Amino acid sequence: MDTLRLQMVGFNRALLLVLSCLSLGLLASPALAQQADSKPYPECTRAPTEGDVQAAKGAFQAGQAAFKEADYSRSILYWEDAYRRDCTAHPLLLNLATAYELSGNKAQAIAALQTYLVRRSDAPDADQITRRIEVLKRQLEESQRPAQPQPKAAPPAPAPAPEAAQASSTTSAVPVADSGPKRPIWPLIVAGAGGAVAVVGITVWSRAGADVKAVEKKCPSRQNCSAQNASDGNAARGRQTVGGVTAVVGLAVAAGGTAWYFLAPPPDANVAGASFVPLVFPGFAGATLSARF
């Protein structure tokens, strides 16, 4: 009887030990899977031969072609082979890190970047690569967290009765007032152009008047004046005349465009009527009355 009891106690202890090992294995499975995804790079203890360098260059070019085709798994195979042949080509680790990251293996990308920092302690981009490693580690931790349960969506509100829905749509409809046909914009453009021409003409007329006064101060009697003063005075009076004519023409065009805008019917109004159409020719500006049916 005592022997049987001792055997039962031993069996229970063995069963507890097995269950404990299974539970520890289940808990450690994500970490083991992660360790399986990343592998350390062997130490670089020998200098590559000329044949190794040429073979590494060929593998690098093949991996680059695969990378451009977005075949990251094949590019990783070629670049790993290139780095195995020439372990002094440390920039290959940066290429490998990018390919591993794009293929979803962030753990091996971190391993490649960390190896690069160890073997290139004087790398000018060490700070940037360190920040990249930190970002990849955060992304890796977030991907390993269990998914949070999504909050349940609120049940949809019951649909209103047909009568209530019809009344709601009727009372909520807001009538939009018809603003009527729009007036054309061209008259305003013509009026604006005329105003600009008038401003230019007034400016020329004003400056030419100042030049005329300056010449008159030099030769007030307009007799026995020097040839230069006479030439300057005549040129200033000519500019003054041109500026005045230009200002008058611009004002006329602006007035015609304004009248055209307010008196012309909208373009889609199919009624008979009369409208003002501005006429602008060299040396003439005005408006004519045209009928439309």
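Please read all numbers here as calculations on a predicted model, not as lab measurements. Here, residue 1 is the first one in the sequence, and each next residue gets the next number.
The backbone N or O of Gln228 sits nowhere less than 3.5 Å from a side-chain atom of Ser231 that would complete a donor-acceptor pair. Checking side-chain atoms of Ser206 against main-chain N and O of Ile202 turns up no donor-acceptor pair under 3.5 Å. Asp125 contributes no side-chain N or O that, together with a main-chain N or O of Gln128, makes up a donor-acceptor pair within less than 3.5 Å. The backbone N or O of Thr49 lies less than 3.5 Å from a partner atom in the side chain of Asp52, making a donor-acceptor pair.
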Do Val204 and Thr246 pass the side-chain contact (heavy atoms from CB on, under 4.5 Å) test, and can you show the C-alpha distance, the side-chain angles, and the key distance before you say yes or no?
-> CA-CA 9 Å; Val204 173; Thr246 304; over 6 Å; no
Take Arg132 and Thr98 through the test side-chain contact (heavy atoms from CB on, under 4.5 Å) and record every step on the way to the result.
-> CA-CA 11 Å; Arg132 182 180 175 187; Thr98 302; 3.3 Å; yes
Hey, mind stepping through Leu140 and Lys137 against side-chain contact (heavy atoms from CB on, under 4.5 Å) and telling me if it holds?
-> CA-CA 5 Å; Leu140 191 60; Lys137 286 183 177 180; 5.5 Å; no
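Note: Asp86 CG to Lys57 NZ = 9.0 Å, rounded to the nearest 0.5 Å. Atom-to-atom distance recorded for Ile76:CD1 and Phe67:CZ is 9.5 Å, nearest 0.5 angstrom.
Placement of Val199 and Val253 in two distinct hydrophobic clusters is found when ILVMFWY residues are connected by side-chain heavy-atom separations under 4.5 Å, directly or transitively. Linking Ile, Leu, Val, Met, Phe, Trp and Tyr whenever their side-chain heavy atoms come within less than 4.5 Å leaves Tyr116 and Val135 in two separate clusters. One hydrophobic cluster, built from ILVMFWY side chains closer than 4.5 Å, holds both Ile110 and Leu92.
For Glu80, the side-chain hydrogen bond (donor to acceptor under 3.5 Å, both in side chains) partners two or more places apart in sequence, or in a different chain, are Tyr41, Tyr100. Residues passing the side chain to side chain contact (heavy atoms under 4.5 Å, CB included) test with Thr130, sequence neighbours excluded: Leu117, Glu134. Checked against side-chain hydrogen bond (donor to acceptor under 3.5 Å, both in side chains), Asp211 has the following partners two or more places apart in sequence or in another chain: Arg239. With sequence neighbours left out, Arg119 forms a side-chain hydrogen bond (donor to acceptor under 3.5 Å, both in side chains) with Tyr83. Asp127 pairs by the salt bridge (charged side-chain N to carboxylate O under 4.0 Å, His left out) definition with nothing, not counting sequence neighbours.
Nearest heavy atoms, Ala109 versus Ala97: CB-O, 3.4 Å.
The aromatic ring centroids of Tyr78 and Phe60 lie 6.0 Å or more from each other.
A heavy-atom distance below 4.5 Å is found between the side chains of Ile129 and Leu94.
Among residue pairs with one or both ends in residues 77-143, those qualifying as disulfide (SG to SG under 2.5 Å) are Cys44-Cys87; sequence neighbours excluded.
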